[in-house]
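Report on one structure; see the data block that follows.
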Amino acid sequence: MEHNGISAQTETADHIEAAKRIEAAKRIDDLRVLLEHGLAEGVGVGHSLGVRMRTLEVGRTVWTLLPSPAAANAMFTVHGGVIATLMDTAMGSAVYTTLPAGMFYTTLELKVNFVRSVNLDAASLECIGRTVHVGRRTATAEAQVTNADGKLVAHGSCTCLLTPTG
């Protein structure tokens with residue numbers, strides 16, 4: 001069926017893509033507001049560990065961590081769990097930006113490979129998280145953490161369970 005030279009199927013596909021872009025923009029705004037609220041109220045990993053958002057895009061996020069005594073392990077370097085938290089934040093938020101309205105995620109599995117230690121007085125770490133696959137029930141993502149010199153600190157992946165809100 002033609003409508004002004006454009007098929008109804010093409011119109012429907014265009015509307016679906018427009019709706020996806022609108023939902024992605026809403027989710028990105030929601031994440032920004034949530035992080036700002038947490039910092040203002042002293043709640044969350046942003047406040048307690050110094051995890052900060054730098055970039056939120058559909059399927060890609062960049063987060064930073066400034067090492068501090070709050071992140072110390074027994075050897076007085078940055079605790080691996082803090083680095084894993086940074087990675088989980090980056091990967092999970094990358095997944096979140098791709099989900100349709102009415103869907104949430106939770107991390108099912110997290111795999112981290114530590115490549116080098118990080119001193120507590122080191123410059124800021126950067127973590128880039130990217131989606132690999134987003135399906136109907138699960139999503140996967142990957143992340144890399146680098147130091148200020150661009151050297152790899154850790155890399156890993158996650159699997160997320162996707163669930164409807166209601």
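Index from 1, following the sequence. Side chains are part of it too, since the values below use all heavy atoms of this structure and drop only hydrogens, waters and symmetry mates. Please read these numbers as outputs of a predicted model, since none were measured by experiment.
Connection of L31 to V95 is established within a shared hydrophobic cluster, with ILVMFWY side chains joined at heavy-atom distances below 4.5 Å, either directly or through further cluster members. Residues F76 and L125 share a single hydrophobic cluster, defined by chaining ILVMFWY side chains whose heavy atoms lie under 4.5 Å apart. No continuous path of ILVMFWY side-chain contacts below 4.5 Å connects V62 to M53, so the two sit in separate hydrophobic clusters. Placement of V134 and M87 within a single hydrophobic cluster is found when ILVMFWY residues are connected by side-chain heavy-atom separations under 4.5 Å, directly or transitively. Under a hydrophobic clustering in which Ile, Leu, Val, Met, Phe, Trp and Tyr are joined whenever their side-chain heavy atoms come within less than 4.5 Å, directly or via other members, L110 and F114 fall into the same cluster.
At a threshold of 4.5 Å between non-hydrogen side-chain atoms, the residues I28 and R32 count as touching. Annotation: side chain of V118 is not in contact with side chain of R116 (no heavy-atom distance under 4.5 Å). Using a 4.5 Å cut-off on side-chain heavy atoms (C-beta onward), V112 and D88 make no contact. At a threshold of 4.5 Å between non-hydrogen side-chain atoms, the residues T163 and T106 do not count as touching.
The two residues S48 and A70 come nearest to each other via the heavy atoms O-CB, 4.0 Å. Listed here is the closest heavy atom pair of A148 and A123: CB-CB, 3.5 Å.
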I'd like to know whether L120 forms a side-chain contact (heavy atoms from CB on, under 4.5 Å) with V78, so could you lay out the CA-CA distance, the side-chain angles of the two residues, the decisive distance to 0.1 Å, and finally the verdict. CA-CA 6 Å; L120 295 176; V78 175; 4.1 Å; yes

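Atom CG of residue L99 and atom OG1 of residue T131 lie 9.5 Å apart, to the nearest 0.5 angstrom. Atoms CE and OH, from M91 and Y105 in turn, are 10.0 Å apart once rounded to the nearest 0.5 Å. Here E142 contributes atom CD and H133 contributes atom NE2; the two are 13.5 Å apart, rounded to the nearest 0.5 Å. A distance of 13.5 Å separates NZ in K26 from OG1 in T97, rounded to the nearest 0.5 Å. To the nearest 0.5 Å, atom CE of residue M103 and atom OG1 of residue T165 are 8.5 Å apart. Once rounded to the nearest 0.5 Å, the distance linking SG of C158 with CG of L108 reads 9.0 Å.
With respect to V45, the side-chain contact (heavy atoms from CB on, under 4.5 Å) criterion is satisfied by exactly one of T89, L35, L86: T89. With V153 as the partner, the side-chain contact (heavy atoms from CB on, under 4.5 Å) test is satisfied by one option alone out of V115, N147, L65: N147. Applying the side-chain contact (heavy atoms from CB on, under 4.5 Å) test between W63 and each of I128, L56, T55 identifies L56 as the sole match.
Applying the side chain to side chain donor-acceptor pair (under 3.5 Å) criterion to E109, with sequence neighbours excluded, gives T159.
The backbone N or O of M75 lies less than 3.5 Å from a partner atom in the side chain of N73, making a donor-acceptor pair.
Note on R27 versus E23: salt bridge recorded, some NZ/NE/NH1/NH2 to OD/OE distance being below 4.0 Å.
For the residue pair T61 and S93, a side-chain donor N or O sits within less than 3.5 Å of a side-chain acceptor on the partner.
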